[in-house]
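Below: one structure, written as structure tokens.
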Amino acid sequence: MYDIAIVGAGPAGLTAAIYAARANKSVVVFEALTCGGQIINTSHIDNYPVAPHITGLDFSRTLQKQAEDLGVKIEYDEITHITPSDDTFTLTSEDDEYKAHSVIVATGTKPRKLNLANEDELVGRGVSYCATCDGGFYKGKAVAVNGGGNSALHEALYLSDICEKVYLVHRRDEFRADAALVDKVKAKDNIELVLNANIAKLNGEKHLESIETDNGHTINVEGLFVSIGRIPNAAGLVDGLNLVDDYVDSGEDCATNIPGIFVAGDVRTKELRQLVTATSDGAIAATAAINFLHK
Ligand code: NAP
């Protein structure tokens, strides 16, 4: 039985763990894949206070070590369901069951897909959702990035240093991304903007050969990096948990409608999804969980 179980070892979950451990609570963090969350896919973080230019990987590794040095246990298991009963929560994975007196949901988000006919078949054969993970396979080649948010522009910039040519395909002629990032992208000679365009077709059987847009362009690329936003990992996790547009409904106090369950990071309803707001949520959710345990 743990005092606090945290689901998700991204910046929000690991920061919550640090706060819980420093308050002498027994704490476990569940992670299905790799510690660090979405930020491990970011090449350089330029907007986190006091750590200019740190890589996403270094940030994650340092955060994980900081938590583990405080005695936080990281359990590599995917929690598929959380069941509240009396003053205990049961966290269920495929093979195991764990118990805790309170829970912090910090499960983050997953990439949104284009939902094109052969998209799934071409994943790993031209279609990717992560430039930092797969960009190296396209050294010296032509690739496309789809999207107009901060993630897409970061991906385009990262790929422009590896690939011969990067087409940035976006459905509008204005970008949702920060102005500073847009300026950097526009200054790159090998990034070509393809605006007011949606990707309508992926051509290629064994491997991606080209993409077709709905405004009549066929672009020959061997790689397509889809970066059109994210979907929260919350649906079906806890019966009765209030969701808004699939995000866990919560205010700045990180409390949910279920006493004892708190939420932190990108999976929460919020205005600004940033690294700094994720770590901030972690601190708030852990403090709220500690106060809940003391009541
Ligand atoms: P995002 O900001 O939601 O942007 C998604 C982009 O994809 C938008 O340009 C959107 O177009 C486009 N899009 C959505 N659905 C589409 C579809 N079906 N077909 C074509 N295009 C589609 O998502 P994100 O870039 O992944 O960022 C997620 C959050 O993390 C944001 O809050 C972002 O600021 C934050 N973030 C911050 C940084 C940073 O360095 N500060 C880095 C990465 C992420 P429209 O603009 O037309 O809606």
Side-chain angles (χ1 to χ4, degrees), residues 8 10-12 36-60 106-117 119-120 127-133 135 144-159 166-186 191 193-202 211-215 217 219 224-234 244-248 264-281:
Q38 199 191 331
I39 203 68
I40 55 173
N41 302 329
T42 297
S43 54
H44 285 88
I45 302 162
D46 286 338
N47 57 4
Y48 196 81
V50 189
H53 318 310
I54 188 169
T55 67
L57 208 55
D58 282 346
F59 184 93
S60 305
T107 43
T109 58
K110 58 175 176 266
R112 175 178 289 123
K113 293 186 172 187
L114 285 165
N115 289 328
L116 291 174
E119 183 174 354
D120 286 344
V127 173
S128 169
Y129 304 88
C130 172
T132 321
C133 317
V145 174
N146 188 204
N150 279 320
S151 300
L153 272 72
H154 269 295
E155 303 260 276
L157 281 172
Y158 177 77
L159 290 164
V166 179
Y167 297 91
L168 179 59
V169 183
H170 177 39
R171 65 183 177 184
R172 292 190 292 142
D173 59 2
E174 280 178 11
F175 290 100
R176 188 178 289 270
D178 298 343
L181 212 47
V182 176
D183 289 345
K184 275 190 191 172
V185 162
K186 286 184 174 167
I191 300 181
L193 305 183
V194 182
L195 301 177
N196 299 313
N198 284 291
I199 296 177
K201 200 164 173 228
L202 308 174
I211 56 172
E212 286 180 35
T213 65
D214 61 354
N215 61 353
H217 293 287
I219 306 170
L224 168 64
F225 292 84
V226 180
S227 190
I228 58 169
R230 317 222 15 127
I231 296 172
N233 296 315
V244 176
D245 294 335
D246 296 331
Y247 290 91
V248 179
D266 283 5
V267 72
R268 170 170 96 71
T269 49
K270 62 196 316 194
E271 283 297 317
L272 186 63
R273 292 193 173 83
Q274 293 279 295
L275 187 53
V276 71
T277 62
T279 54
S280 163
D281 276 3

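Both ligands and their constituent atoms are indexed starting at 1 by order of listing. In this chain, residues are counted from 1 in sequence order. No hydrogens, no waters, no symmetry mates; every other heavy atom, side chains included, goes into these values.
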Under 3.5 Å side-chain donor-acceptor pair for N146 and H170: no

Donor + acceptor pair across side chains of T42, Y158 (<3.5 Å): no

Is any N or O atom of [X], backbone or side chain, closer than 3.5 Å to an N or O atom of ligand 1?
| X | result |
| --- | --- |
| G149 | yes |
| Q38 | no |
| Q274 | yes |

Winner among [options] once heavy atoms are compared against [atom]:
| atom | options | result |
| --- | --- | --- |
| atom 48 (O) of ligand 1 | R176, H44, E271, K270 | R176 |
| atom 17 (C) of ligand 1 | H154, E155, R171, K113 | R171 |
| atom 38 (C) of ligand 1 | N150, L114, N47 | N150 |

Nearest protein heavy atom with distance in Å, relative to atom 23 (O) of ligand 1: G229 CA, 3.5 Å

For atom 46 (O) of ligand 1, closest protein heavy-atom neighbour: R172 NH2, 2.8 Å

Test: K113 and D120 ion pair at under 4.0 Å: yes

Ring centre gap for Y129 and F225 strictly below 6.0 Å: no

Ligand 1 contact on N198 by region, counting heavy-atom pairs under 4.0 Å: side chain

